[in-house]
Amino acid sequence: MAKILLVEDEESIRKLITYDLKSAKHEVVSCANGTDAKFEGLNQPFDCMIIDWMLPGISGIELVSLFRKHNKQSIMIMLTAKDDEEDLLEAFEAGVDDYLTKPFSPRELLARITAHLKRSTVKSDAEFTYQDLRLDMTRREAFIGHQMIELTKKEFDLLDYLLRNRRVVLSRDDILNEIWNFDYDGDTRIVDVHVFKLRTKLKNSKVTIRSIRGIGYVLEKADE
């Protein structure tokens with residue numbers, strides 16, 4: 001059972017999702033606007049947050065950014081009618097873990113929640129190091145030597161995945177399936193954008209992310 005914050009202003013959708021989540025034995029706190037959701041999200045812990053993009057008061061994208069700035073590590077799934085690539089990139093940059101475009105299947109939403117919850121409990125190592133990189137998995141902090149580097153949630157997950165598969169070439173599809181956990185119908189620019197930003201933040205490290213033309217990426221020692 002997980003504790004879930006549901007933020008959806010359409011009453012019929014909110015009631016349907018709430019019913020399905022409770023039937024799956026999850027605890028649900030529901031809000032119809034961004035203002036109430038901000039209060040709930042900042043004042044109690046949630047395993048998962050399901051947030052509609054277009055909300056009265058405070059938009060869903062603003063909520064996600066706010067929660068991430070307050071170091072909320074909840075799984076965040078965005079509900080949206082938007083499906084342009086630029087909109088999706090904006091959502092992932094803000095810190096969402098997944099998204100569903102309306103109309104969607106409640107069964108698919110439950111399946112994605114379950115998959116994310118299982119994934120979040122798999123990694124148990126308290127600390128992970130390679131060369132001068134160190135990941136504190138409990139606090140979800142990354143360091144080059146003793147210097148902490150500021151990473152978004154997705155950048156941290158991406159670095160963790162690359163480190164655990166160091167010196168292994170990972171395709172863009174491998175990365176999409178592991179980090180975003182969804183079938184992406186467009187191109188894989190979302191992976192390239194996140195790798196570029198992460199590579200920039202690792203410029204002072206002994207580790208680099210190398211592009212393998214036509215395939216994907218590999219993390220390795222900078223002098224290899």
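In this chain, residues are counted from 1 in sequence order.
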Give, for atom [atom1] of [X] and atom [atom2] of [Y], the distance between the pair rounded to the nearest 0.5 Å.
X    : Y    : atom1 : atom2 : result
H194 : L176 : NE2   : CG    : 10.5 Å
L5   : I50  : CG    : CD1   : 8.5 Å
F104 : Y99  : CZ    : OH    : 13.0 Å
R189 : F196 : CZ    : CZ    : 13.0 Å
W53  : E62  : CH2   : CD    : 11.0 Å
L6   : L79  : CG    : CG    : 7.5 Å

Short N-O contact, [X] and [Y], less than 4.0 angstrom:
X    : Y    : value
E155 : K197 : no
R199 : D192 : no
E127 : R134 : yes
E93  : R68  : no

Verify the cluster assignment for [X] and [Y]: are they in a single hydrophobic cluster under the rule of side-chain heavy atoms below 4.5 Å apart?
X    : Y    : value
V169 : L163 : no
L63  : L89  : yes
I175 : Y130 : yes
V218 : L170 : no
I51  : L42  : yes

Apply salt bridge (Lys or Arg N to Asp or Glu O under 4.0 Å) to E90 and K82, showing your working. CA-CA 11 Å; E90 181 184 356; K82 299 172 178 283; over 6 Å; no

Donor-acceptor pair, [X] side chain versus [Y] backbone, under 3.5 Å?
X    : Y    : value
K201 : E150 : yes
R112 : L109 : no
D136 : R139 : yes
Q131 : L133 : no
Q147 : I144 : no
T208 : R210 : no
D160 : F156 : no

Any side-chain heavy atom of [X] within less than 4.5 Å of one from [Y]?
X    : Y    : answer
M49  : V7   : no
T80  : D87  : no
N204 : D132 : no
L219 : N165 : no
L158 : V195 : yes

Show your reasoning for whether side chain to side chain contact (heavy atoms under 4.5 Å, CB included) applies to L135 and L159. CA-CA 9 Å; L135 299 188; L159 180 56; 3.8 Å; yes

Can you name the nearest heavy-atom pair linking A32 to D9, along with the distance? O-CB, 3.2 Å

Can you confirm whether more than 12 heavy atoms, excluding those of K206, are under 6.0 Å from its NZ atom? no

Passes side chain to side chain contact (heavy atoms under 4.5 Å, CB included), I149 versus L202? Steps please. CA-CA 8 Å; I149 51 178; L202 296 178; 3.9 Å; yes

Just list the side-chain donor-acceptor pairs under 3.5 Å for residues 17-26, sequence neighbours left out, or say none.
from: T18; atom 1: OG1; to: R14; atom 2: O; distance (Å): 2.7
from: S23; atom 1: OG; to: Y19; atom 2: O; distance (Å): 2.8
from: H26; atom 1: ND1; to: A2; atom 2: N; distance (Å): 3.0

Pick from I190, V191, I215: which one makes a side-chain contact (heavy atoms from CB on, under 4.5 Å) with R172? V191

Using the rule given for side chain to side chain contact (heavy atoms under 4.5 Å, CB included), can you reason through I13 versus K102, listing the C-alpha separation, both sets of side-chain angles and the distance that settles it, and then say yes or no? CA-CA 10 Å; I13 297 178; K102 296 180 178 180; 4.2 Å; yes

Please list every donor-acceptor pair under 3.5 Å in which a side-chain atom of residues 34-41 meets a protein atom from a residue at least two apart or in another chain.
from: D36; atom 1: OD2; to: N33; atom 2: ND2; distance (Å): 3.1
from: E40; atom 1: OE1; to: Q44; atom 2: NE2; distance (Å): 2.5

Set out, in order, the CA-CA distance, both residues' side-chain angles and the distance that settles side chain to side chain contact (heavy atoms under 4.5 Å, CB included) for F92 and M78, then state yes or no. CA-CA 9 Å; F92 286 118; M78 181 73 75; over 6 Å; no

Would K15 and E8 count as a salt bridge (Lys or Arg N to Asp or Glu O under 4.0 Å) if you check the C-alpha gap in whole Å, the side-chain angles of each, and the deciding distance to 0.1 Å? CA-CA 9 Å; K15 286 184 175 180; E8 170 59 65; over 6 Å; no

Passes salt bridge (Lys or Arg N to Asp or Glu O under 4.0 Å), R164 versus E178? Steps please. CA-CA 12 Å; R164 291 175 187 273; E178 176 67 23; over 6 Å; no

Polar contact flag, side-chain donor to acceptor under 3.5 angstrom, H116-D97: no

